[in-house]
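Remarks on the structure that follows.
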Amino acid sequence: MAQYLMAVHGNEEQYAEIDEATMQQMFTDVDAFNKRLMDEGIWVFGGGLEPADTATVVDATGDAPVTTDGPYLETKEHIGGFWVVEAPDLDAALKLAADASKACQGKVEVRPFQPEPPAA
Amino acid sequence: MSAAPAAIERVFREEYGRLIASLVRRFGDIDIAEEAAGEALLVALERWPADGVPPNPGGWLTTTAGNRAIDRIRREKLRDTKHQAALMIEDDTPHEPTGPVEDDRLRLIFTCCHPALAPEARVALTLRLLGGLTVSEIAEAFLVPETTMGQRITRAKKKIAAAKIPYRVPDHEDLAERVATVLTVLFLVFNEGYLSTGDGAPIRAELTGEAIRLARILHGLLPEPEVKGLLALLLLTEARREARVRGGQLVPLHEQDRGGWDRALIAEGHDLVRECLATNRPGRFQILAAINAVHTDAPTATATDWSQVVALYDQLLRIDPSPVVRLNRAVAVAELDGPEVALALVDALPLDGYHAWHATRADLLRRLGRSADARAAYDAAIDATQNSAERAYLSRKRGELVD
């Protein structure tokens with residue numbers, strides 16, 4: 001089994017305009033999807049994020065840490081939330097991502113985690 | 001019996017796809033498979049000239065490469081790297097079921113053409129791993145620098161390994177969509193050979209030949225209607241290849257010497273088209289094959305059943321209503337209803353950057369006696385293509401215009 005990050009990318013301005021009923025449906029669908037991942041034992045971690053304008057960037061690669069307001073990338077599309085799941089291969093992960101995308105009504109990027117280093 | 005290196009390399013090229021595919025299945029790693037295959041070739045080049053070619057060269061190469069791969073994994077295990085690969089030697093768990101058809105090469109084709117890989121990487125990987133073409137040959141065929149092609153292939157192989165793109169024939173529910181991707185890749189490879197986009201050789205027979213070889217393998221393993229249709233289309237198109245260029249100039253269909261067409265390929269293609277018709281589940285490639293069957297059936301250009309061709313294009317338009325299909329349909333309409341009707345159809349298409357659109361307009365304008373307009377259209381067509389044979393043909397037609 002491998003672990004995959006499924007990151008939801010979306011346009012926050014558009015998200016803000018979604019009507020109440022659609023939003024409720026989305027919450028219900030995402031809850032159901034989360035429960036399914038847990039029931040199937042492939043859930044590792046997941047959650048929705050506050051909007052990108054609540055983000056802060058810290059850069060300590062120089063002499064002293066520099067803290068700046070705002071997301072790292074100034075784009076329209078931001079990560080709105082993510083899951084970490086267990087899957088045997090990419091095809092299985094892509095199937096989960098298709099269901100995830102439907103549930104949360106956003107585009108989902110799938111990326112493999114690096115494998116754990118072997119036990120010494 | 002001794003063997004020349006050239007003959008050994010030919011055997012190797014023929015066996016390459018099967019060899020790599022079986023090594024990938026066994027060791028689960030494309031890099032290990034390629035290196036072991038390369039080492040087996042070196043051993044063959046050393047031994048076969050003295051000992052003769054073994055009775056089953058493919059089996060010999062597989063055994064030799066397998067032993068080399070195991071040696072290599074053992075060495076690396078001692079160095080305590082590549083742990084996962086090292087496990088493969090001891091791991092005797094049976095392979096998971098691999099879908100409806102069991103063949104190493106079929107699995108590898110589906111891996112190379114996985115939709116998670118970039119389209120240009122799918123083509124390159126298929127030619128590299130199944131066709132046995134070198135990176136520099138593939139780079140040359142697609143007119144990109146060798147380093148670019150090398151990076152493209154390396155990146156794709158890395159993604160296959162890191163993202164765990166599976167090495168198997170897709171599940172039944174995904175199969176139709178994935179087969180379509182594979183067929184598109186083979187069609188692209190063929191087309192690049194049949195009318196090269198670059199300024200090198202106008203036709204690259206090694207690419208058309210490779211696409212046909214892979215389509216035959218796919219058809220042997222998965223004889224579905226669209227696979228049959230693609231193979232028929234490639235065979236019927238390839239049958240006309242020799243007659244298509246004369247003196248460095250492209251020869252259009254109606255001017256070709258039909259005696260120069262390959263009758264064996266045509267007969268095989270027609271048989272496949274008949275099988276498709278009997279199945280009656282038409283798809284894009286089957287219809288294109290049927291159109292080519294009508295052309296190759298006619299003893300002369302004028303004897304072509306143009307109403308049948310137009311009817312087939314109408315059927316194709318329902319599946320693929322693209323401007324390029326409309327353009328090709330208009331060419332047939334010109335034969336049926338005259339150039340004026342066809343020109344009205346062609347002028348309405350948004351294909352301003354496409355050489356075939358300009359070339360078709362030029363021909364129709366010429367037939368309507370509108371020389372000045374035709375001349376401008378030939379100029380635009382010549383500007384829009386790099387293919388030397390096509391440019392030579394268009395320049396000749398432009399020169400023949402009378403004021």
With B/Ile165, which of A/Asp91, A/Leu90, A/Asp89 fulfils side-chain contact (heavy atoms from CB on, under 4.5 Å)?
A/Leu90
Return a table of donor-acceptor pairs under 3.5 angstrom between the side chains of residues 106-113 of chain A and protein atoms on other chains or two or more places apart.
from: A/Glu109; atom 1: OE1; to: A/His9; atom 2: NE2; distance (Å): 3.1

Flag yes if more than 12 heavy atoms outside A/Arg36 fall under 6.0 Å of its CZ atom; otherwise flag no.
yes
Return yes when atom CZ of B/Arg105 has more than 12 non-hydrogen atoms of other residues, nucleotides or ligands closer than 6.0 Å, and no otherwise.
yes
On a heavy-atom basis, the closest approach of B/Lys164 and A/Pro88 is CD-O, 3.7 Å
Any chance you could measure B/Glu173, atom CD, to A/Lys95, atom NZ, to the nearest 0.5 Å?
4.5 Å
Test of understanding: with ring-ring contact (aromatic ring centres under 6.0 Å, His included), list the residues that count as partners of B/Phe285, not counting sequence neighbours.
B/Phe187
